[in-house]
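Report on the structure given below.
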Protein chains: 2
Amino acid sequence: MEEFKYSYKYPHPSVTTDCVIFGFDGKDLKVLLIERGIEPFKGTWAFPGGFLRMEESAEEGAKRELFEETGLRSSYIKQFHAFTNPQRDPRERVITIAYYALVKIEEVQGGDDAAKAQWFSLDNIPSLAFDHDRILRFAMRELRKQIHFEPIGFELLPEEFTMKELQQLYEAILEVHFDRRNFSKKMLHIGLLEQVEGVKTPYKYKFNPTTYEEMKQKGFKLEF
Amino acid sequence: MEEFKYSYKYPHPSVTTDCVIFGFDGKDLKVLLIERGIEPFKGTWAFPGGFLRMEESAEEGAKRELFEETGLRSSYIKQFHAFTNPQRDPRERVITIAYYALVKIEEVQGGDDAAKAQWFSLDNIPSLAFDHDRILRFAMRELRKQIHFEPIGFELLPEEFTMKELQQLYEAILEVHFDRRNFSKKMLHIGLLEQVEGVKTPYKYKFNPTTYEEMKQKGFKLEF
DNA sequence: TCAAAAGTGTTCGCTATACACCCATGG
DNA sequence: CCATGGGTGTATAGCGAACACTTTTGA
């Protein structure tokens, strides 16, 4: 009995965080998956995640998971849903608070056990553990919504990027096709882009966070 | 020790659901608050909520809370955030999964203890228990976002309503002012409204859920 | 009969969209 | 020199925003 030393009057569920990590390789949108080393679902792929510690918030937990798998500390991270189906874990009642993270794929370092982490294109996702396929679909839907209110695309691109890369990213997220000329015109018109001096054809651009902060104050909407 | 019969190897947080119930009285957007009868925060106002039962999902829990306070079973309800700050409850670690519900205010029946439930206008909210002021601000922000993707306004209005009521609702949610003529034109153009036959000046309208379902299939966006 | 509310139409400017041409680069 | 990619401009149509007049209703 020594082992079960946390006792409550009423049953409590376990609480975990899961982190859907999105990256962009210049062409396709990708997610980072971990091959599970333990039961249940040993050997199948899943999102990085784990039990919430008592002294950390869910966001801190998700950031911890993100760091352990990518070495990144300061990425964009957003809670998008808590999954609470009583049967979602075969062992016991586990609810998970799910986040998605947007990372610059080239900054990602292999985690402690890099061998078991791998990037997958969204059109080539393997069978996933637990209800993680549902979590992924949910994350994609929320990401598409989010893009209307925040220029989150910039979180997925390197510091400097071409207009074509930016367009391909938006096309990958929204699953649409834009006219190259109109996309460029629209993006430049918004005013969040800053052309990198001295680079010629193809031009490179940087995201201007100052302008973004100003625009957030006044309120704005990105149309697509 | 009989009392604490649920034991775990690791500490588990408590999990609750809270339900921000929005209603519209034809003029102002309101929320339903409960006066707490027990400590902590006894005597202060809070959202309906309570501990998640082991056999129910969070959404079922939130619906249960909604039913207990309003008598309504089939309202629009949406999870918008899990609040997980380790210090948010002074007693112990409690995370809450928060929902907002949109109800037709005239259908609401007093709950079991109706005396302690009361509608408050958003510009006249009393001091709230726990972190519920933060939860309310969060709910409002999500509601405003949501309105761009779904015609949720209709959930808050009676079956039949005038264009003016619809406009006042949108103005209350978004905290903006629309030109009466342009608002009407735009709303009618979207095609979700059906004019009630036989009613004259002011016309009444009904929401057409069939058209809405068709539009959701094809994907659409409500602009404001 | 008078005031307030509600119905309706027009103009203007902006932006989304469709589309074509020129230039630079590299094989 | 030719093909490809990338930079740029223009015409058109549709929508949002501003705005005024007429009709109806009820006090």
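Sequence lines set the chain letters: A, B, ... in the order given, protein chains first and strands last, and positions in each chain run from 1.
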Under a criterion of less than 4.0 angstrom to any heavy atom of chain A, what are the 5'-terminal and 3'-terminal contacting nucleotides of DNA chain D?
dG6(D) to dT10(D)
Looking only at side chains, do Gln79(A) and Tyr100(A) share a donor and an acceptor under 3.5 Å apart?
no
Residues Arg64(B) and Glu60(B) bridged, charged N to O under 4.0 Å
no
Geometric cation-pi criterion, Arg73(A) with Phe67(A): 6.0 Å, 45°:
yes
Could you label the plane-to-plane angle of the Tyr205(B) and Tyr203(B) rings as parallel, tilted or perpendicular, counting under 30° as parallel and over 60° as perpendicular?
perpendicular
With sequence neighbours left out, what residues match Lys145(A) under salt bridge (Lys or Arg N to Asp or Glu O under 4.0 Å)?
Glu142(A)
Is there a donor-acceptor contact under 3.5 Å linking the side chains of Ser57(A) and Asn85(B)?
no
Check whether the side chains of Glu213(A) and Gln217(A) place a donor and an acceptor atom closer than 3.5 Å, and report yes or no.
no
Contact letters for nucleotides 5-16 of chain C, in which S counts primed atoms plus P, OP1 and OP2 and B counts the base, heavy atoms under 4.0 Å
-BBBBB----SS
